[in-house]
Amino acid sequence: MDRIKYLVEKFELIPHPEGGYFKEVYRSKDIIPQSGLKGFTGDRNFCTSIYFLLTSENFSAFHRIKQDEIWHFYEGSSLSVHVIYPDGSYIKHKVGLNYDNGEEPQLVVPAGCWFASEVEKKDSICLVGCTVAPGFDFEDFELASKDELIKEYPQHNEIITKLTRQ
Ligand code: GUN
């Protein structure tokens with residue numbers, strides 16, 4: 001699709017290990033020392049944000065991070081964000097602009113939840129922003145193992161199988 005090529009070139013997006021393309025837009029200069037954080041392995045920037053582009057050909061696999069992540073809708077079709085909460089409950093959120101269809105322009109995925117996302121409409125794309133504080137670090141990022149996640153949440157076997165690769 002032309003729009004994918006346009007956005008990848010325009011914003012210099014690169015492949016993200018979880019699927020899709022991204023580019024870091026903001027990383028605060030100031031640093032929170034590890035001593036001021038709970039559960040982090042080192043110092044972190046105050047805050048970071050990225051553009052994240054996903055297409056219907058791909059998906060963002062189940063992963064989790066140590067920060068709350070705030071999603072902002074920019075353009076394209078809605079993004080389904082599948083969240084498994086620590087208590088075992090599961091919600092499919094929709095990030096988009098069709099409010100009467102249950103979509104919301106901003107979504108917060110709480111720290112520690114397993115989440116995956118996909119563009120369900122065929123031949124479509126979705127451009128969103130993702131902001132985290134403390135700032136993102138791949139040290140805080142964990143890609144789910146399909147078997148281990150199913151073992152922990154067997155009731156969500158179907159969606160986990162669909163949205164994991166390893
Ligand atoms: N920077 C690199 N990857 C990510 C991500 O998945 N989320 C956020 N918020 N920032 C990132």
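Just so you know, ligand 1 is whichever comes first in the structure, and atom 1 is the first atom listed for that ligand. In this chain, numbering begins with 1 at the start of the sequence shown. Model, not experiment: these values are computed from the prediction.
For the pair Arg165 and Phe59, the cation-pi criterion (under 6.0 Å, within 45° of the ring axis) is fulfilled.
Counting protein heavy atoms only, atom 1 (N) of ligand 1 is closest to Phe136 CD2, 3.3 Å. The closest protein non-hydrogen atom to atom 3 (N) of ligand 1 is His16 NE2, 2.7 Å.
Using a 4.0 Å cut-off between heavy atoms, Phe141 makes no contact with ligand 1 at all. If you look at His63 next to ligand 1, there are no close heavy atoms at all, none under 4.0 Å.
The cluster map of Ile, Leu, Val, Met, Phe, Trp and Tyr, joined by side-chain heavy atoms under 4.5 Å apart, puts Phe40 and Phe46 in the same cluster.
Remark: of the listed residues Glu69, Glu18, Glu142, Glu152, Glu142 is the sole one forming a salt bridge (charged side-chain N to carboxylate O under 4.0 Å, His left out) with Arg64.
Heavy-atom proximity to Val132, at under 4.0 Å, picks out these atoms of ligand 1: 9 (N). Close approach of ligand 1 to Glu18 is summarised as follows: ligand atoms under 4.0 Å from at least one heavy atom of the residue are 6 (O).
At a threshold of 4.0 Å, the pair Glu9-Lys5 counts as salt-bridged, since one of the basic side-chain nitrogens sits closer than that to a carboxylate oxygen.
Across every non-hydrogen atom of Val128 and Trp71, the tightest pair is CG2-CE3, 3.9 Å.
Looking at ligand 1, you'll find an N or O of Glu69 within less than 3.5 Å of one of its N or O atoms.
The number of heavy atoms from other shown groups lying within 6.0 Å of CD (Glu75) is above 12.
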